[in-house]
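Written below as structure tokens is the structure these notes are about.
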Amino acid sequence: MEKEPIAKSYEPKEVEAKWYQYWEENDLFKPTAASEKSPYCIVIPPPNVTGTLHMGHALNNTLQDILCRYKKMAGCNVLWQPGTDHAGIATQNVVERDLAAQGTDRHAVGREQFIERVWEWRKKYGGLIINQLRRLGCSCDWSRERFTMDEGLSRAVKEVFVRLYEEGLIYRGDYIINWCPRCHTALADLEVEHHDQESYLYHIRYRLEDGTGHLIVATTRPETLLGDTAVAVNPKDERYAHLKGANVLLPVLNKPIPIIFDRYVDMAFGTGALKITPAHDPNDFEIGNQHNLERIKVIDDDGIMNELAGPYQGLDRFACREQILKDLETAGLLEKVEPYQNAVGHCYRCKTMIEPILSKQWFVKTAPLAKKAGDAVRDGKTRIYPNNWEAVYFDWMDNIRDWCISRQIWWGHRIPAWYCDACGEITVAKTTPSKCAHCDSENIRQETDVLDTWFSSALWPFSTLGWPDKTPELATFYPTAALVTGFDILFFWVARMMMMGIHFMGDIPFKDVYIHALVRDAEGKKMSKSKGNVIDPLVVMDEHGTDAFRFTLAALAAQGRDIKLSEERILGYRHFVNKLWNAARFVFMNLDDTATAPAQRPPATLADRWILTRIGEVSDQVAGAINDYQFNEAAGLCYQFVWHEFCDWYLEMAKQAFYGDDQELKDAAQHTVLAALGASLKLLHPFMPFVTEEIWQRLPGTEGSIMSAAFPDSSGFPKDEKALTDMTLLMGIIAGIRNIRGEMNLPPSKNVRVVIDTGNTKETTCIQKNSEQVKTLAKVEDLTIGSGLKKPVASATAVFGDTSIHVILKGLLDFGEEKKRIRKSILKIEKDLKASEKKLSNPGFLDKAPEDIVADVRAKAETLTAKRDKLAHNLAVLENIDE
RNA sequence: AGGCGGGUAGCUCAGUGGGAGAGCAUCGGCCUUACAAGCCGGGGGUCACGGGUUCAAAUCCCGUUCCGCCUACCA
């Protein structure tokens, strides 16, 4: 296809955009409509529309793309379902910031106008991250792109809400939430930052109602005592056992409240007595529920004390604290103040101190859903890789709390519930009702809260495939094959998709969950803008090319460990991309000037037979590793094979055929080298889509995209055991000679004469047949091969197996140095030998170790002994000469 | 506080029961007509420490220690 001459080094920029466009134009990212092939589907973890591509996305999507591209080549009907998330609070914040810059705010603009502005913003910037995913090479079917606020997905959200409500699995109730008095919204636990803070622990005297004494309570928040409805102590605490049924008087307000007994109270902390404020503390709320305590809200939504705070009404919560402390002091009720460090929640956005406040919220009753979601993993229907995350998953599912799904913001799915002002009942419906379902009053108004962002993303695996309609995609691709995500959203997203998928589809949403690591900087720190240690994937792709970047991520993606990304590592793999490029260049230079592939030829040389056998083996290993989500393993296998077997050995050996006159050998080599290069490209394609496509399209005899080619496997290649053993011998011989050359600092220009004393005639034949290779690759000008050959006088010796290799160094050999070299070698062998002999002389080992292991050790000991003896013999020869 | 992960070559990390590996760095030799972003060769590790299980431990168990992360409601 491509005819222009191939450049000396690979230039990613020139080819990446070209091929991405080609793939899209040729519909290569789309699944086939009706297909015999087995379906394979991944739904993308939808990035926030506000987002730009960061390292986490890059890793996440690279791994998904590797899976999708591999599966397609392996013969599956693949759908990678893409889309974005409306990201309620994050997006609302971005647009609010815009408004602030224009000197206005959302309240001034009004709800409808505001939402319109968000849509406008989305239209303008929402495609940013999608295009960055394209840069990364993601093979998503973009014709199916979805957005959580789309019409279709919104319909799914309403459907789910209404059905859960009708089933009694959604309810409205009082709950303690994290309230930001400045932003005026509830915050998810995730959105609360905890900072250690220097504060004080105040010991306050609560007098007993009957006047017989007092009890001391320790607190960091004295102002909340206005809402106290009990004091709790541990039932085992003997100090307070006599106070059963007694009341204390709330300081300042002088109101009697009960002393209750609850195991939650830590006897060792403070005085062992805990004030209970159910309306302003999450724990107290729980305890209050168990003891049926009244909940008194004394702080309003602005953080100001309300009418129930009595004399403190109108004071800011912090001012109130000061005032109350003064009053307690005056009344002689402040026993002690000690410095204390505690973690206090702050709004992640404006850093205002969070106020836990009691309010009415919507909830999903999760227990029944969680039970099934837990069982699905317990039963192995869904498998989590690596499986240590299963424990974390179970722990959460087994201790799950009801899920608060309402948010007091504007951007999101507005809850489809209407309150009736006439009868006070709630109407929940998929479409906007005209009147109350209970009393027919038309005086109804819709809930102003919107749903938690995770509510719509919980439906993602089926809503994107068309649910609640019965679509062919849903029938084909649900349950999806795999979900690839980071552990940080295991609870928020994965767990909820499991619950919703099982409930509404009657089946798990995905068979496998692959949890990958976090990408950190070279020091292991989390990348963040404030630390300034962010590596921008887009910059990396610009500098080193997408393929090198992707390969780096895959090569570092070992399970269960974070990735420390370093520039050097990327550079190393960039070299690998270039190596592949140059290997291809070499191949092209040595093909006859023809556009078509050379005629089919059987492999003619040992090298030909060997490389084909190796491709078969490696292909199976790579496929196995990808199927097991061992991305680093798969990448490593490819790297090792392509560089150190295909390039270092096969291409070097093929030169003999290419540069020689034997047309038959040449034809066979051309055929083999094309097969080997083609297979290498296919193995690498899932990791490096661009460079492999670029080379593939230039290869003679290929048709269409490499994406449509079949992934290699061993059934398509010979299994030539003899080629493997012969090649091992040959490589050992050559390495032996090279080793001596290296140690003696012999430049390649200095050819040497070599005598090879083999162990048997088989070896003699093998080496003789390939003597030209030995001569070329080890720079030998004269090679003598035979069994029982004598060591030449001025020669250095290496031993491989039964074979002695003597390199003649007339006038160059330092006898002393050579003897030293051999002695060192013998010492090393004897150390190994000793270990083997120790095992073999251990009755326990011979008794209990498996036979094959014992046989291995025996064989090893024999080999080592033979080698040692040979070296010793050669050493003796040298010593005789010396004398 | 609890949970999780980790400590292996100078650096970054693979390696889950049978003689320790890779990349980078380093040292020596090479512009050998695909590639100096390259080729050939070398050196370098008490696998954190201490115990245990086993014929056999980097690998499994217990303890110690250091580092990192996540969760948390000690007022």
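Order of the sequence lines fixes the chain letters, A, B, ..., with proteins taken first and strands second; residue numbering starts at 1 for each chain. All values below come from the heavy atoms of this structure, side chains included, with hydrogens, waters and symmetry mates left out.
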Does NZ or CZ of A:K655 come closer than 6.0 Å to the centre of the six-membered ring of A:F586, within 45° of the ring's axis?
->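 Cation-pi check for A:K655 and A:F586: passes.
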
Reckon [X] touches a base, only the sugar-phosphate, or nothing at all at heavy-atom distances under 4.0 Å?
X: A:K275; answer: nothing
X: A:N578; answer: base
X: A:K839; answer: base
X: A:D281; answer: nothing
X: A:D266; answer: base
X: A:W643; answer: sugar-phosphate
X: A:H644; answer: sugar-phosphate
X: A:K838; answer: nothing
X: A:Y659; answer: sugar-phosphate
X: A:R738; answer: sugar-phosphate
X: A:P850; answer: base
X: A:T220; answer: sugar-phosphate

Cationic N near anionic O, under 4.0 Å, A:K13 to A:E11 |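 Looking at A:E11 together with A:K13, the answer is no, because their closest N to O distance does not fall below 4.0 Å.
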
Where RNA chain B forms stems, i.e. three or more consecutive Watson-Crick or G-U pairs with both distances under 3.5 Å =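 Stem list for RNA chain B: B:1-7 with B:65-71, B:10-13 with B:21-24, B:26-30 with B:38-42, B:48-52 with B:60-64.
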
Interatomic distance at [atom1], [N] relative to [M], whole Å:
N: B:A22; M: B:C40; atom1: P; answer: 14 Å
N: B:A1; M: B:G50; atom1: C1'; answer: 27 Å
N: B:G17; M: B:G45; atom1: P; answer: 27 Å
N: B:C49; M: B:C66; atom1: C1'; answer: 11 Å

Test side chain to side chain donor-acceptor pair (under 3.5 Å) applied to [X] - qualifying residues, sequence neighbours left out:
X: A:E390; result: none
X: A:N234; result: none
X: A:S199; result: A:N342

Any sub-3.5 Å donor-acceptor pair from A:R741's side-chain atoms to A:A778's backbone N or O?
->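 Indeed, once roles are kept as given, a pair shorter than 3.5 Å links the two residues.
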
Side chain of A:E652, base of B:A34: donor and acceptor closer than 3.5 Å?
-> yes

Side-chain donor-acceptor distances from residues 847-865 of chain A under 3.5 Å, at least two apart:
from, atom 1, to, atom 2, distance (Å)
A:T863, OG1, A:A859, O, 2.8
A:T865, OG1, A:A861, O, 2.5

Would you indicate which nucleotide in B:C40, B:C35, B:G43 comes nearest to any side-chain atom of A:N582?
-> B:C35

Summarise how protein sits on nucleotides 26-31 of chain B as a single string, 5' to 3': B when a protein heavy atom is under 4.0 Å from the base, S for sugar-phosphate-only contact, - for no contact.
-> --SSS-

